[in-house]
Amino acid sequence: MEENNNLIQLQDENGNDVNFEHLMTVEHEGNYYIVLEATEDTDDCREGEAIILKIIQDEESGEDVYATIEDEAEFNAVFDKCMAIMDEEDEAAGVELELLDGDEE
């Protein structure tokens, strides 16, 4: 069995454990956000769909917790930043593939 260290387990509103794969952590205007991909279907999310959550500190425990982004403008700005990062990674991978293909000639 393959072990995936990028798995994060969250609890849904019914207290059920749900597994997500960590795709990236993004900084925006001094705050941090985590992008997770569902590894299974749930009531709120289908397998393969990504969610973005804001990382905040719990006032009582001081531990990091994940919160829904309520502000639409904030969500859109973080979403746009995530898309730009993925586009850059895709372009870099394309250049790497071109270089590899060029080595074969």
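The shown structure was predicted, so the numbers you read here are calculated from the model rather than taken from an experiment.
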Main chain of [Y], side chain of [X]: is a donor-acceptor contact present, judged purely on distance under 3.5 Å?
X	Y	answer
K81	E27	yes
D71	A73	yes
D58	E63	no

Distance in Å, [X] [atom1] paired with [Y] [atom2], rounded so as to fall on 0.5 Å steps:
X	Y	atom1	atom2	answer
D64	I56	CG	CD1	9.5 Å
Y66	L53	OH	CG	8.5 Å
Q9	D17	CD	CG	4.0 Å
H22	I8	NE2	CD1	5.5 Å
E88	I85	CD	CD1	7.0 Å

Verify the cluster assignment for [X] and [Y]: are they in a single hydrophobic cluster under the rule of side-chain heavy atoms below 4.5 Å apart?
X	Y	value
F20	I34	yes
L23	V78	yes
L7	V18	no

Has Q11 got more than 12 heavy atoms of other residues, nucleotides or ligands less than 6.0 Å from its CD?
yes
Within 6.0 angstrom of E72 CD, more than 12 heavy atoms from elsewhere
no
Please examine the side chains of [Y] and [X], heavy atoms only from C-beta on, and report whether any two atoms are closer than 4.5 Å.
X	Y	value
Y33	E74	yes
V65	I55	no
M24	M86	yes
F79	I52	yes
I51	V35	no
L36	E21	no

Check this for me, if you would: do K54 and E70 make a salt bridge, where the nitrogen-to-carboxylate-oxygen distance has to be below 4.0 angstrom?
no
Nearest non-hydrogen partners of H28 and A77, listed with the distance:
NE2-CB, 3.5 Å
